[in-house]
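In what follows, a single structure is set out as structure tokens and then discussed.
Just so we're on the same page: letters track the sequence lines, and every chain starts at 1. It should be emphasised that the depicted structure is a prediction, and the values quoted were computed from it without experimental measurement. As a basis for the values below, the full set of heavy atoms in this structure was taken, side chains included, without hydrogen atoms, waters or symmetry mates.
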Number of protein chains: 2
Amino acid sequence: MLPSSTVENYLKAIYLGEGYLAEGQRLMPMGQLAAALGVAPGTATTMVKALAESGLVEYEPYNGVRLSAAGEKLAALVLRRHRLIELFLVRVMGLGWDEVHDEAEQLEHHVSDRLIERIDEMLGRPEVDPHGDPIPGADGRVARHESDTLLTCPLGERVTVTRVTDQEAPFLRFIEQHHLMPGESIEVEARDEVSDSVRLKGRGNQRMTIGMRAASKVRVSASDASSRG
Amino acid sequence: MLPSSTVENYLKAIYLGEGYLAEGQRLMPMGQLAAALGVAPGTATTMVKALAESGLVEYEPYNGVRLSAAGEKLAALVLRRHRLIELFLVRVMGLGWDEVHDEAEQLEHHVSDRLIERIDEMLGRPEVDPHGDPIPGADGRVARHESDTLLTCPLGERVTVTRVTDQEAPFLRFIEQHHLMPGESIEVEARDEVSDSVRLKGRGNQRMTIGMRAASKVRVSASDASSRG
DNA sequence: GACCAAATTTTGAATGTCCAAAATTAAAGC
DNA sequence: GCTTTAATTTTGGACATTCAAAATTTGGTC
Ligand SMILES: [Mn+2]
Ligand SMILES: [Mn+2]
Ligand SMILES: [Mn+2]
Ligand SMILES: [Mn+2]
């Protein structure tokens, strides 16, 4: 029995449920899962019990849910399809990076392995999608490397945007318009808790100030002198 | 309520149910519909009653089913997506014409209008798919022109293959290997009822003999002297 | 230790899709 | 006109997914 779209969406939501890093101890609360999927809490409970039956998750009543090894692999493969499709839509089909997420959300469940392999090949085995999110390999493995956000990176140093962790179209358009897309080199000049804002020096030393909530969604890494001029 | 994949498949099956040409009188028998969709007869009956409820088909118990105007338009749009996707997979993704049907069978239900428009544009508003099947317009209209098959075309005259009306991969591979794909110029030398076979002169005047059943699946039109050298 | 609020689970029910097997109808032959 | 047969519909039930509302559990708070 191959998994339905619904099952794939549940697994993906659990996989993406916050950090979920190293230690396999963290449980995703049912309420958070239900919210992520836009279903009633009771629906999530019923579904998760079924997923536990089929060995895709471990479920601790009143506590939360966690992916099993099998579930994690499946989730990673769905994510792989999602991100390859996004990149394909941007690079080959010429769609905007702000309009590919919804399309990929559907297609991720319906493209064959054959076609995904072809897409992967055509794109040159890419490692990240248009938003900088890493693309899991065909084996389900992901290269997770730590990175700062605009809230945590050092002040006064050039950094390179690596990832934008919010798929909302208006936010993505904002990022694009202000030249904060992955690959751009920028610098955090100052942060101010009181005004809840971060001041940036962007492309062409253009100054801009954004809120901390927005700043937390832009990930960066130290601008290695060797990369870019 | 946008139609489910199931509904779209039912409408498409009825649309494709044999000739279905001009006069809107023909009804598709329920048994044939059930067989086309691979479901039990009772399932088709139940479903068709629901489709009649929503005004997509007209249903005459014990007699059969026919598309309403609304149903026909919807079916044509599904077919449009199907055929554009097939052509896209062949031309852009480099898949074989024998392996795109199944993929399109899924994707036809899940690509957005936006993406289909982009595909149509990228392909230069094509009129036929890789098998020579006409692609309905965005308004649902199809250019239906009459054509012969290898069983009905004149003997001893050059004709051009326009269409292959069987999606089975082995058959398509046979056609490809024998250079009988759409665009090829060939000639029917003889037909023999007793041996149930048709003798052809193909590319490079290569002779071959195929069965009448197979011959009926290859459509041709008179080789206009102006087309091809 | 009783009590409250929030999170979670349970219950009862709906929808869409499907099947197998029984019942019915239509068509054809005699 | 009856009978046989093939096609079709009905019946009863399954499964996946969903919801709203009621019941329960949990983690604090006094
Ligand atoms: Mn999805
Ligand atoms: Mn992405
Ligand atoms: Mn289909
Ligand atoms: Mn085709």
What nucleotide among D:dT8, D:dC19, C:dT17 has an atom nearest to a side-chain atom of B:Ser4? C:dT17
Taking the side chain of A:Pro29 as its heavy atoms from C-beta onward, which of C:dT9, C:dT8, D:dT9 lies nearest to it? C:dT8
Could you tell me how far apart [X] ([atom1]) and [N] ([atom2]) are, to the nearest whole angstrom?
| X | N | atom1 | atom2 | value |
| --- | --- | --- | --- | --- |
| B:His109 | C:dG16 | NE2 | C1' | 16 Å |
| A:Gln32 | C:dA7 | CD | P | 11 Å |
| B:Met30 | D:dT10 | CE | P | 10 Å |
| A:Glu8 | D:dA16 | CD | P | 16 Å |
| B:Tyr62 | C:dT24 | OH | C1' | 5 Å |
| B:Leu27 | C:dA26 | CG | C1' | 15 Å |
| B:Met1 | C:dT15 | CE | P | 13 Å |
| A:Lys49 | D:dT17 | NZ | C1' | 15 Å |

Relative to the 5' end of DNA chain D, which residue comes earlier, A:Val39 or B:Pro41, by the nucleotide with the nearest heavy atom? B:Pro41
With heavy atoms under 4.0 Å as the rule, sort B:Gly31 into base, sugar-phosphate or nothing. sugar-phosphate
Touch class at under 4.0 angstrom, heavy-atom based, for A:Thr6 against every strand present: sugar-phosphate
For the atom pair CG (A:Leu123) and CD1 (A:Ile135), what is the distance rounded to the nearest 0.5 Å? 7.5 Å
Flag if over 12 foreign heavy atoms under 6.0 Å of CD, A:Glu117: yes
N/O (side chain, A:Tyr10) to phosphate O (OP1/OP2, D:dT18) under 4.0 Å: yes
N or O in side chain of B:Thr43 less than 4.0 angstrom from C:dC18 OP1/OP2: no
Step by step, would you call A:Arg81 with A:Val111 a side-chain contact (heavy atoms from CB on, under 4.5 Å)? CA-CA 8 Å; A:Arg81 294 199 291 267; A:Val111 292; 3.8 Å; yes
Does B:Lys12 pair with B:Glu105 as a salt bridge, N-O distance under 4.0 Å? yes
Carboxylate-amine/guanidinium proximity below 4.0 Å for B:Glu121 and B:Arg118: yes
